[in-house]
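Below is one structure, written out as structure tokens; the observations come after it.
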Amino acid sequence: MTKVAPSIVDMLSDAVKSRGMLRLLTHEVIGKGLFSTAWSSGVSPLEAWDEQLRNREDLELVGIFAQRVLADYDATPIPLRQAMTYQKALQKHQACGAFLWFLSSLQKMAPSEMWPEIDKSLRSQFSQGYMDPDLLHALETQVPPGDLKSLGAFRPFVAKIEGTARRAKEEKDAQLAQNLREADFAQLKAKVEADLATLESQRPKRGLEAEQHALDMKYLRDRKGKQYVDDWMGKHCCIVEAGENFDNGIARFLKFKELFRKHSASGEEYTICLFDATVFPANATYVAQAVKTLTAVLSMSGNNMGFVQFPVYQSQTSKSAMLKHRHQLEMNLLKGGLSLIHPVQILFNKLNCTASDKRALAQPALACFHTHFSEHSFTKSNAVTSGTLGPCPLLKVGDFLGYDGETTKPGASARVEQTKGVECHVEMLAGILGGMPFDDSDTVLIVDILPNRFAEFGRAAVKRNLEGAGIKLRYFAFMMEEVEVNRAAMRGMVHEVWDKDPNSPPKQRPNRESSGAADAPSLELLAWQDGRPYFPDSILSKFADHTPEFQGIQKLKKTFEDMFPAAAQPAPVTGSGRAGGVCDFSLDDGKKPLDLTRCIDLPMVSKDEFAVTRLAEAVAVGKRPHVVISSSYEVWIGNLTDSALTLASSPACFRYTISPVDSKKTNVFKPNALPEDRSAVRHQTLGAVFIGHMDRLIENKRASLVWEALVL
């Protein structure tokens, strides 16, 4: 103790007096110098981190280490408390040193006005203990200075800081582009005003068109689709942005629950609390508050059950981190007075997956209840009695909500095959609700305390209600992100059902009178169709919607709609929609399209004589051939193995199909960057070698490169 700073000695002495030395830490921890000045936990195999893990005169590292020892001791349930051994203390000291090092690295790149909030949030998360596995994993797999983006808790702040710098650059670029936009707008405005003057001279009877437009607007208001959706969502579904401390959602939940209680005055009330930790959140404060909320709701009634999905192994974390996250989650559930004696396995099947899919066929979950009650209604649930759910379809990555086509992790750029994930959660809800003795007067409230990114349990609950499957469900969700996206998606599901209902009013006003056809005038930008003008949407797309030029276009459109109120939308196309004709092969020196059924006779080279400088290659796999791209960008296809190779009927190594999308956004193919070792590149990404050299890819008279863009 003579080598320990006096302030640390006082802290430990007070802690021992209140907690007892035998249960706090062993003498070995002090004897080996973990609290001593100049001692370092950078021992084998972490010698590279010796300086970063050393106690210094400022006592910052040894101070936060002592605080974590006491905090972890107090957070452990009393029956499970044990004196901290040297090995555990060593790992704790290493985690503390890594945290301070990465915190100081982040401070160097953060703007001064942002730092107090970032520092407070990260220190709060670190004190919860969830950050330790990521910190230790970083020490074991990296060398100083380390990668801040490898830490889940630090990654959002790094992205925020980088985003701030990026936005500053974008503002500068926007200023440089402003002069060009203003010139384009002046030219466009002059043409639109000229078209308006032309139309004014040939405008049909204004009174009749205005009358028809007023009737159209009145009809749309009376149809009341939005009112129906608002009423339905108010009674069945509520999604709120909770924040990391859940402060923004608790009041809304209590209000929704009171409304739910009024609807169930004559029957029993049941509550299912969902806690999806499949991908463990990076924000430790958010997880801790979610556990507290789960405990609070389950303590309200014996009719309440929690359904917890434990973390699964994924490429962005380590197996040890996954196990530690689950263990810490179980300890917090136990400390909150919840039972851990009803495990549930979610079973999956791989009906449409490839043979190389190595994902597990089960996910561990838990049905938990508050131990304050002696009886629990949901013990009759099929999921609890059998200990299983499913089997549910194990989706391909391409079927995930939010899959972006570039990485193995779903992103936010495109949402494909949305209903498949919802169908999986519909089956899970059916398993949880199955076996329960509900009657018509009972109601069930689903509280999604820790939902996944796309609130698929909520979409499943809405789908069940709209289809009239089983007992009526009420759904409430606390969300950290994608609130408006999920709220809009569920509203869209409700509106779609209402819109298709034969009892709903027609989508367009029947028996609408027309003012008659008029001769088509000569216009430069505005369009003319079926005897009336309309304002093309393409004019609005010429400028970004946040620019003054866009507002100017909006004013021009408003002027147009005031002049021609019935022409706000293009008239339906009448008559034949196709044009007849034949190709004139006399053009272009008589060249004709390629015969796709022709026999291709390519030059043959034996394996022993094949000697080219290889820029990249993809080895033969299954029915795909060996592909080599030489340093002169020649493409060679063949078989470099000693066994026979049977090709597929139509191999397509570099094909990318651009499908139409409802959002009218551009669909862009952005291949992953090739690795440094290009001797075994995947067939699907081999084409990326041509990035920056697209002119070498196609060199013939029938096809050519039209446009290439580099995204920075």
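This chain uses plain numbering: 1 for the first residue, then up along the sequence. Values reported hereafter were calculated over all heavy atoms of this structure, with side chains retained and with hydrogens, waters and symmetry mates removed. What you are looking at is a predicted structure, and each value in this text was computed from that prediction instead of being measured.
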Please say whether the positively charged group of Arg81, taken as NZ for Lys or CZ for Arg, lies over the ring of Tyr73, i.e. under 6.0 angstrom from the six-membered ring centre and within 45 degrees of the axis.
yes

When you measure from the side chain of His376 to the backbone N and O of Phe378, does any donor-acceptor pair fall under 3.5 Å?
no

Evaluate whether atom CG of Asp440 has more than 12 neighbouring non-hydrogen atoms of other residues, nucleotides or ligands under 6.0 angstrom away.
no

Heavy-atom check, side chain of Thr76 versus side chain of Met331, under 4.5 Å
no

Is it true that Asp231 and Gln227 share a donor-acceptor pair across their side chains at a distance under 3.5 Å?
yes

Any chance the side chains of Thr26 and Thr85 put a donor and an acceptor closer than 3.5 Å?
no

Classify the side-chain pair Asp448/Tyr475 by whether it contains a donor and acceptor separated by less than 3.5 Å.
yes

Below 4.0 angstrom, N of the basic side chain to O of the carboxylate: do Arg459 and Glu456 qualify?
no

May I ask you to decide if the ring planes of Phe102 and Trp49 are parallel, tilted or perpendicular, using 30° and 60° as cut-offs?
tilted

Does the side chain of Met479 reach to within under 4.5 Å of the side chain of Pro451, using non-hydrogen atoms?
yes

Flag yes if more than 12 heavy atoms outside Glu162 fall under 6.0 Å of its CD atom; otherwise flag no.
yes

Measure the acute angle between the ring planes of Phe280 and Tyr130, then classify it against the limits of 30° and 60° as parallel, tilted or perpendicular.
tilted

Less than 4.0 Å between a side-chain N and a carboxylate O, is that true for Lys324 and Asp132?
no

Which heavy atom in Arg155 sits nearest to a heavy atom in Lys149, and how many Å separate them?
NE-O, 2.7 Å

Is the charged tip of Arg474 near the ring of Phe256: under 6.0 Å from the six-membered ring centre and within 45° of its axis?
no

I need the minimum non-hydrogen distance between Cys392 and Glu427, along with the two atoms involved.
CA-OE1, 3.8 Å

Give a yes-or-no answer on whether the side chains of Gln125 and Ser121 include a donor-acceptor pair shorter than 3.5 Å.
yes

Hey, are Glu269 and Ser301 close enough side-chain-wise for a donor-acceptor pair under 3.5 Å?
no

Smallest separation among heavy atoms of Leu389 and Ala383, with atom names:
CD2-CB, 3.7 Å

Shortest non-hydrogen separation from Asn304 to Tyr270 and the atoms involved:
OD1-C, 4.4 Å

